[in-house]
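Structure first, commentary second.
Every number for a ligand or one of its atoms is a count from 1 in the order of the listing.
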Amino acid sequence: MADDLELRFERTVQADARIEPRDWMPDGYRKTLIRQIAQHAHSEIIGMQPEGNWISRAPSLRRKAILLAKVQDEAGHGLYLYSATETLGADREDLTLKLIEGRQKYSSIFNYPTLTFADVGVIGWLVDGAAICNQVPLCRTSYGPYARAMIRICKEESFHQRQGYELLMTMMRGTQQQRDMVQDSVNRWWWPALMMFGPPDSESTNTEQSMAWRIKRDTNDELRQKFVNMSVPQAEALGVTFPDPELRWNEERGQYDFGQPDWDEFWQVVKGGGVCNAQRIAHRRKAHEDGAWVREAAAAHAQKQAQKQAVKEGAA
Ligand code: FAQ
């Protein structure tokens with residue numbers, strides 16, 4: 001019986017069909033999905049902070065409205081993803097506690113500060129750009145609810161990327177000071193954006209198994225290369241450069257060669273030692289604590305509704 005279930009699971013995965021919440025799945029598959037989807041959800045929620053920092057100081061009403069909508073979209077992405085973890089038996093409250101107690105990770109990228117408004121554009125272009133590169137293949141991930149959430153998320157991320165690029169094009173057509181702000185921002189975000197794809201394949205602990213289960217469809221290095229290939233022509237069109245002396249077209253490979261990010265810095269940020277880690281978690285913790293009364297009110301309302309329903313059914 002157990003063998004039959006395992007065989008059916010393997011066949012479904014190999015046929016590129018979807019595993020659904022009520023299907024049998026190996027424990028490791030369930031755990032891996034909860035780990036990855038929860039980290040992804042936490043990233044969307046913590047990822048609201050760096051850009052949220054600029055909502056009250058956006059340079060025009062138009063830019064403020066765009067930024068507000070983008071940050072709200074990220075909240076929505078977090079919620080779709082928490083819902084996907086719930087289909088696997090995870091508890092949202094428990095995941096939130098794991099995040100604020102530092103027991104679950106979120107993307108390293110959100111531990112860097114946003115120093116100027118150009119950072120809003122560069123996050124849209126490079127951070128959402130890297131997210132899209134990573135997430136488009138996840139629309140074909142083997143777990144149905146995650147794959148379906150990713151389709152919607154990718155559509156919205158692609159709008160985010162374009163709004164970032166449009167903001168940067170506007171700044172590049174402005175004054176020399178604005179162009180300098182854009183270049184400075186690109187210099188600060190380029191390497192952290194490359195780190196978003198995770199450690200080099202040789203150091204990645206999860207890739208092999210995740211690819212065998214078709215949760216991940218590409219390795220970290222493959223996606224990083226794709227992102228570099230995609231970003232260089234965009235930088236040229238914009239009129240900025242990337243801070244990498246090793247970056248050059250390799251005719252033989254038909255791809256760009258590029259240098260490696262500082263992996264010691266990456267691990268330090270992942271372990272909580274980045275510039276903004278403590279601030280991001282403290283902010284999330286406060287928002288969670290401040291929202292306790294809303295959750296209590298919602299739970300009390302749900303309980304009351306259930307009681308009313310029970311009385312109604314008893315009377316019928
Ligand atoms: N940061 O074995 P691997 C967004 C950890 S996009 C922190 O290679 P895996 C949109 C990894 O968890 C950002 N930790 O791991 C947005 C593992 O530790 P563990 C979120 C990282 O899972 C834009 C260890 O290192 N996107 O939010 C990072 O196979 C703008 C070894 O690594 C996703 O999460 C990192 N960068 O591959 C929002 C996409 N990289 O868990 C607002 C879905 C690795 O064993 C504004 N996730 N680690 O303790 C994935 O595709 C994968 O999980 C990877 C990592 C590619 C991130």
Short side-chain to backbone donor-acceptor contact, Arg280 and Tyr112, under 3.5 Å: yes
Donor-acceptor pair between Tyr80 and Arg152 side chains, under 3.5 angstrom: yes
From Gln104 atom CD to Thr96 atom OG1, the distance as rounded to the nearest 0.5 Å: 9.0 Å
Distance-only donor-acceptor check, side chains Asp201 and Asn220, under 3.5 Å: no
Pairs where residues 263-287 contributes a residue and the test ring pair (Phe, Tyr, Trp, His ring centres under 6.0 Å) is met, not counting sequence neighbours: Trp263-Phe266
Under 3.5 Å, N/O to N/O: give me all the pairs between ligand 1 and the protein, one per line with atom names and distance.
{"unit_1": "ligand 1", "atom_1": "1 (N)", "unit_2": "Ser108", "atom_2": "N", "d": "2.8"}
{"unit_1": "ligand 1", "atom_1": "1 (N)", "unit_2": "Ser108", "atom_2": "OG", "d": "3.4"}
{"unit_1": "ligand 1", "atom_1": "2 (O)", "unit_2": "Ser204", "atom_2": "OG", "d": "3.0"}
{"unit_1": "ligand 1", "atom_1": "2 (O)", "unit_2": "Thr205", "atom_2": "N", "d": "3.0"}
{"unit_1": "ligand 1", "atom_1": "2 (O)", "unit_2": "Thr205", "atom_2": "OG1", "d": "3.4"}
{"unit_1": "ligand 1", "atom_1": "2 (O)", "unit_2": "Asn206", "atom_2": "N", "d": "2.8"}
{"unit_1": "ligand 1", "atom_1": "2 (O)", "unit_2": "Asn206", "atom_2": "ND2", "d": "3.0"}
{"unit_1": "ligand 1", "atom_1": "8 (O)", "unit_2": "Ser204", "atom_2": "OG", "d": "2.8"}
{"unit_1": "ligand 1", "atom_1": "8 (O)", "unit_2": "Asn220", "atom_2": "ND2", "d": "2.8"}
{"unit_1": "ligand 1", "atom_1": "12 (O)", "unit_2": "Gln39", "atom_2": "OE1", "d": "2.9"}
{"unit_1": "ligand 1", "atom_1": "12 (O)", "unit_2": "Gln39", "atom_2": "NE2", "d": "3.2"}
{"unit_1": "ligand 1", "atom_1": "15 (O)", "unit_2": "Asn206", "atom_2": "ND2", "d": "3.3"}
{"unit_1": "ligand 1", "atom_1": "18 (O)", "unit_2": "Lys105", "atom_2": "NZ", "d": "3.3"}
{"unit_1": "ligand 1", "atom_1": "22 (O)", "unit_2": "Arg35", "atom_2": "NH1", "d": "3.0"}
{"unit_1": "ligand 1", "atom_1": "22 (O)", "unit_2": "Arg35", "atom_2": "NH2", "d": "3.4"}
{"unit_1": "ligand 1", "atom_1": "29 (O)", "unit_2": "Lys216", "atom_2": "NZ", "d": "2.7"}
{"unit_1": "ligand 1", "atom_1": "36 (N)", "unit_2": "Ser108", "atom_2": "OG", "d": "3.1"}
{"unit_1": "ligand 1", "atom_1": "36 (N)", "unit_2": "Met195", "atom_2": "O", "d": "3.3"}
{"unit_1": "ligand 1", "atom_1": "36 (N)", "unit_2": "Met196", "atom_2": "O", "d": "3.4"}
{"unit_1": "ligand 1", "atom_1": "37 (O)", "unit_2": "Lys216", "atom_2": "NZ", "d": "3.0"}
{"unit_1": "ligand 1", "atom_1": "41 (O)", "unit_2": "Arg35", "atom_2": "NH1", "d": "2.9"}
{"unit_1": "ligand 1", "atom_1": "41 (O)", "unit_2": "Gln39", "atom_2": "NE2", "d": "2.8"}
{"unit_1": "ligand 1", "atom_1": "45 (O)", "unit_2": "Asn206", "atom_2": "ND2", "d": "3.1"}
{"unit_1": "ligand 1", "atom_1": "49 (O)", "unit_2": "Lys105", "atom_2": "NZ", "d": "2.5"}
{"unit_1": "ligand 1", "atom_1": "51 (O)", "unit_2": "Asn134", "atom_2": "OD1", "d": "3.3"}
{"unit_1": "ligand 1", "atom_1": "51 (O)", "unit_2": "Asn134", "atom_2": "ND2", "d": "3.2"}

Presence of salt bridge, Arg8 and Asp23, under 4.0 angstrom: no
